[in-house]
Engineer: 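This structure is in structure tokens; I'll ask about it shortly.
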Amino acid sequence: MDIASLNAKYAIPGQVEIVAGRGGLPTINVNNNAAKSEISIMGGHVLTYQPKGEDEMLWLSKKSDFADGLPIRGGIPICWPWFGPHPTDKSQPLHGFVRTMMWDICSICAPTPERTIVVLVIKDNDHTRAIWNFPFKLELEVSIGERLEVTLRTYNSGCTPFHITQGIHTYFGVKDVSAITIHGFDGVSYFNKVGGANNTLIQQGPIKVDKEIDAVFLNCAGAAELEDHAGKRHIRIDKEGSNSAVVWNPWIERSKNLPGYEPTSYQTMVCIETCNALADGRDIAPGGTHALKANISRL
Ligand SMILES: O=P(O)(O)OC[C@H]1O[C@H](O)[C@H](O)[C@@H](O)[C@@H]1O
């Protein structure tokens, strides 16, 4: 559908407009009384989220590609139906295929002047079945207001069970990554992916980022908090349907070769990802569903 037809169907005067955004990608611009946000229909990708009177909360790379079929660096990539590398086929893309596909708008509504709810949907087609041969419906609900709520609902519309791992891969902007603390993982064991170590360690105390971190925390159903001391901001990430999380910052060496990333980008971002990763993957029975949810708020 072209931009004019999308607006005719889904625009809400004064609050929601669909535009040709970065790289010409169709983008839903939301501006309500509590916050503004941009959501790329390609990838079902929240690009920005800014509560009124405050700084932008998400980090979005100035060097990112913005093109149909290419991953966007920053914002909130949706990783599905696998998180990280494909479990058996290394030729498949990291983090699944929906982050580089065009989604459809299912609905956009404004229940109050302070909240806008955008629902995007993607269903199996010839392209997805060639990669992953299961019938499915995947729904992304982004609720924009004083809080940002992101829900990813998987439906198994086929006759055989399937297994998914997934992630709401949130990039937070911070003033100075070496002056942040992340809470919620003290005593939690994690799978350490730095340098291909692939060992299991236990987090002691709050997380400080002073080197590369790529940690998949398991058995952590509770909230995480990000204290950005230099930026004077304290963010809380509550979640539902998740018992795992990833904390990621590529630091100096890995930054040098990361697509869509500047060598200094690691200084002003950190990913705290709401996941069903590794052993927290989910089996979805025929006709079954699973919802993964991240609620992001300011403390
Ligand atoms: O570069 P991408 O495919 O977007 O992945 C970026 C990162 O995502 C996650 O945080 C993984 O744990 C990392 O290992 C990966 O490098």
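Just so you know, ligand 1 is whichever comes first in the structure, and atom 1 is the first atom listed for that ligand. Residue numbers count from 1 along this sequence. Just so we're clear, the structure is a prediction, and the values are computed from it rather than from any experiment.
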Engineer: Should Val246 and Val194 be regarded as members of a common hydrophobic cluster, given that ILVMFWY residues are connected when their side-chain heavy atoms come within less than 4.5 Å of each other, either directly or indirectly?
Structural biologist: no
Engineer: Tell me the protein heavy atom at minimum distance from atom 9 (C) of ligand 1, and give that distance in Å.
Structural biologist: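 Nearest neighbour among protein heavy atoms for atom 9 (C) of ligand 1, to 0.1 Å: His169 NE2, 3.3 Å.
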Engineer: Going by the atom numbers of ligand 1, which of them fall below 4.0 Å from some non-hydrogen atom of Val246?
Structural biologist: 10 (O), 12 (O)
Engineer: Hey, what else clusters with Val119 if you join Ile, Leu, Val, Met, Phe, Trp, Tyr whenever side-chain heavy atoms sit under 4.5 Å?
Structural biologist: Ile117
Engineer: What protein heavy atom lies closest to atom 2 (P) of ligand 1? Include the residue and the distance to one decimal.
Structural biologist: Arg73 NH1, 3.6 Å
Engineer: Mark yes or no for whether Asn249, through its side chain, and Tyr266, through its backbone, hold a donor-acceptor pair below 3.5 Å.
Structural biologist: yes
Engineer: For ligand 1, which atoms, with element, lie under 4.0 Å from some heavy atom of Glu273?
Structural biologist: 9 (C), 10 (O)
Engineer: Determine whether Lys175 and Asp55 satisfy the following criterion, salt bridge (Lys or Arg N to Asp or Glu O under 4.0 Å), listing intermediate values before the conclusion.
Structural biologist: CA-CA 11 Å; Lys175 185 104 179 170; Asp55 289 340; over 6 Å; no
Engineer: Between Phe97 and Trp132, what is the ring plane arrangement, given parallel below 30°, perpendicular above 60°, and tilted in between?
Structural biologist: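 Rings of Phe97 and Trp132: tilted, as their planes differ by 30° to 60°.
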Engineer: Looking at ligand 1, is there an atom of it that comes within less than 4.0 Å of some heavy atom belonging to Arg99?
Structural biologist: yes
Engineer: Within a distance under 4.0 Å of any heavy atom of Lys193, pick out the atoms of ligand 1 and give their elements.
Structural biologist: 11 (C), 12 (O), 14 (O)
Engineer: Students should be able to answer this: which protein heavy-atom is nearest to atom 5 (O) of ligand 1, and at what distance?
Structural biologist: His95 NE2, 3.4 Å
Engineer: So which heavy atom in the protein is nearest atom 6 (C) of ligand 1, and how far is it from that ligand atom?
Structural biologist: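 The answer is Trp248 CH2, 3.6 Å.
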Engineer: For atom 14 (O) of ligand 1, grab the closest protein heavy atom and report residue, atom and distance to one decimal in Å.
Structural biologist: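 Result for atom 14 (O) of ligand 1: Asp214 OD2, 2.5 Å.
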Engineer: Go through the side-chain N and O atoms of Asn32 and Thr116 and say whether any donor and acceptor fall under 3.5 Å apart.
Structural biologist: yes
Engineer: Under 4.0 Å from a heavy atom of Arg254: which atoms of ligand 1 are those, numbered in the order shown and with their elements?
Structural biologist: 16 (O)
Engineer: Going by distance alone, is a donor N or O of one side chain under 3.5 Å from an acceptor N or O of the other, for Asn243 and Asp280?
Structural biologist: no
